[in-house]
Undergrad: 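To start, I am sharing the structure in question, which I have written as structure tokens.
Since the model is a prediction, treat every value here as computed from it, not as a measurement. Worth knowing before you read on, the calculation uses all heavy atoms, side chains too, and leaves out hydrogens, waters and symmetry mates. Below, chains carry the letters A, B, ... as their sequence lines are ordered, and counting in each starts from 1.
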Number of protein chains: 2
Amino acid sequence: MKSNRHHRLPLAASSHDDGVAVSPAHSEPSSASDGDSSTELMQVGDLARETGKTVRALHLYEELELVRPVARSKGHYRLYGADALLRIRWIGKLQDMGLSLTEIQTVVREWEELNSAPRAMVKMREVYRSKLEETRATLRRLRALEHDLHQSLAYLDTCEVCDPARLLNACTNCDMHGCGDHVPDLVAGFRAN
Amino acid sequence: MKSNRHHRLPLAASSHDDGVAVSPAHSEPSSASDGDSSTELMQVGDLARETGKTVRALHLYEELELVRPVARSKGHYRLYGADALLRIRWIGKLQDMGLSLTEIQTVVREWEELNSAPRAMVKMREVYRSKLEETRATLRRLRALEHDLHQSLAYLDTCEVCDPARLLNACTNCDMHGCGDHVPDLVAGFRAN
DNA sequence: CCTAACTCTCACGTAAAGGTACGGGTGCCT
DNA sequence: AGGCACCCGTACCTTTACGTGAGAGTTAGG
């Protein structure tokens, strides 16, 4: 009862900024045969651009065996197919769900081991189901937070019109506020010390 | 445009487990005067119990000047008043809002510096306002995630009734699913590699 | 051939938020 | 006086998800 596991709520701005104009600029390593547009491979930089991740991150994911280039160029350059995009974006989503890379690692491993599909599907469902629960809990918490913030802002807004002469340092608990009687926690916390 | 700031979405289970039965057990350091029940001081362990934080955490917060005991016992024990509870809980909420301890630090510092209240109030409002925005953005993202998860689960549920003989490894993109045509990202990601 | 831009593989660095341990004092009860 | 639970200060350890070079090779274009 002592382990105070303290993982905080996941999520962030998680910049979904797509580089958009993906100028192929120079390299276009279409494989030997001919310009078959659907089989173009990309190198790590391109993948990085299109997923918003950094090259370093992609290298890391590879170390953790979360992705694997379909091939290497003559000079050891990693070459990725289109599914890599899916994979990386998928990883991103799992991260947004609050999974750590190591957790994702085990998910992937499990999938690959019992590749017999049915069992894997079940596993997958389990994971998603529990994550859905968590996500909903998180949503509840965030909504509460939103409410708190909203309330505190309302409270503070009444401050704004307060006579500047009287709010000196009694401000956080002056009697002006018509909005009720108890100071919101988020406001009270400032003074408490 | 290269700094890929990667803070993920905040929030977590953030265990709001109150120890509830706060057995005073042994020490009850009511200050010199007499047993005035409203002026009881508590020591760090008690504070820890009541806030769900660990003693170490509280020490840390003190190092960062986020809290300060009202007094010390004869033998250097930290002694806290009731406002410490407010303060610590407040810190917790700010953390839940996604603020790092260092950010909280600057918030506190600013508050204490321009203690002239009006300006501080304005600052406070700014912070909360922007955090409200962020929180709402996060909510949107989470809702999307919830939707994704829900969809994927629906998709996977149709799998369950699928003929076990045919889902071997073509499972993630078999033709059984009446629920549309494109495989949800969260499902497709498993295979892409 | 030359060059710019990209990539390779190490390998060490970093910030956040504590965890954990050490060696020694305190507080209170009996 | 003994004991037990708690506290002190100091200080090094841990994990996560990359960042940041270094030194060297590779690709495509001109």
Undergrad: Taking only N and O in the side chain of Y61(A), is any of them less than 4.0 Å away from OP1 or OP2 of dA17(D)?
TA: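 No, because none of the side-chain N or O atoms of Y61(A) sits under 4.0 Å from OP1 or OP2 of dA17(D).
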Undergrad: Report yes if at least one side-chain N or O of R49(A) is closer than 4.0 Å to OP1 or OP2 of dC6(C); otherwise report no.
TA: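 Checking R49(A) against dC6(C): no side-chain N or O falls below 4.0 Å of OP1 or OP2.
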Undergrad: How long is the line joining CD of E63(B) and C1' of dC8(D), in whole Å?
TA: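 Interatomic distance, CD of E63(B) to C1' of dC8(D): 13 Å.
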Undergrad: Rounded to the nearest Å, what distance is computed from the CD atom of residue Q43(A) to the P atom of nucleotide dT26(D)?
TA: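 After rounding, the reported distance stands at 14 Å.
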Undergrad: Would you give the length of the straight line joining atom CG of L99(B) to atom NZ of K131(B), rounded to the nearest 0.5 angstrom?
TA: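 Separation between the atoms: 4.5 Å.
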Undergrad: Write down the distance between CG (L60(A)) and C1' (dC10(C)), rounded to a whole number of angstrom.
TA: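 Distance check: L60(A) CG to dC10(C) C1' gives 15 Å.
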Undergrad: Please name the pair of heavy atoms, one in V108(A) and one in E65(A), separated by the smallest distance, quoted to 0.1 Å.
TA: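 Shortest heavy-atom separation between V108(A) and E65(A) comes out as CG1-O, 3.9 Å.
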Undergrad: When we call it a touch if two heavy atoms are under 4.0 Å apart, what does V55(A) touch: a base, just sugar-phosphate, or nothing?
TA: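 Here V55(A) touches no strand at all.
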Undergrad: Hey, is the side chain of Q95(B) poking within less than 4.0 Å of OP1 or OP2 on dG18(C), counting only N and O atoms?
TA: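 Q95(B) to dG18(C) OP1/OP2: side-chain N or O found under 4.0 Å.
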Undergrad: Rounded to the Å, how far apart are L64(A) CG and dT16(D) P?
TA: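 It is 10 Å, rounded to the nearest whole Å.
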Undergrad: Base, sugar-phosphate, or nothing for H59(A), non-hydrogen atoms under 4.0 angstrom?
TA: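 Counting heavy atoms under 4.0 Å across all strands, the contact made by H59(A) includes a base.
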Undergrad: Taking OP1 and OP2 of dG19(C), is either one under 4.0 Å from a side-chain nitrogen or oxygen of T54(B)?
TA: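 Yes.
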Undergrad: With nearest nucleotide decided by heavy atoms, which residue, L101(B) or S73(B), maps closer to the 5′ end of DNA chain C?
TA: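 Between the two, 5'-proximity favours L101(B).
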Undergrad: Can you tell me the distance, in whole Å, between the NZ atom of K53(B) and the P atom of dA17(C)?
TA: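 To the nearest whole Å, that distance equals 10 Å.
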Undergrad: Please state how far atom NZ in K74(B) lies from atom C1' in dC6(D), giving the value in whole angstrom units.
TA: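 K74(B) atom NZ is separated from dC6(D) atom C1' by 16 Å.
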Undergrad: For R56(A) and for H76(A), locate the closest nucleotide of DNA chain D by heavy-atom distance; then report the residue assigned to the nucleotide nearer the 5' terminus.
TA: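 In this pair, the answer is R56(A).
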Undergrad: Measure the distance from CG on L79(B) to P on dT26(C) and round it to the nearest whole Å.
TA: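 Interatomic distance, CG of L79(B) to P of dT26(C): 14 Å.
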Undergrad: Salt-bridge test for D185(B) and R89(A): reply yes if a basic N is under 4.0 Å from a carboxylate O, no otherwise.
TA: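 Salt bridge between D185(B) and R89(A), a charged N being under 4.0 Å from a carboxylate O: no.
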Undergrad: Measure up the W111(B) and F190(A) rings against each other and bin them: parallel (under 30°), tilted (30 to 60°), perpendicular (over 60°).
TA: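 The rings of W111(B) and F190(A) sit tilted, inter-plane angle from 30° to 60°.
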Undergrad: Is the base of dG25(C) touched by the side chain of Y77(B) through a donor-acceptor pair closer than 3.5 angstrom?
TA: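 Result: at least one qualifying N/O pair found.
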Undergrad: With the 4.5 Å side-chain cut-off for hydrophobic clustering, are V183(B) and V107(A) part of the same group?
TA: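 Both belong to a single hydrophobic cluster.
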Undergrad: Without decimals, in angstroms, what is the distance between Q105(A) CD and dA17(D) P?
TA: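 To the nearest whole Å, that distance equals 10 Å.
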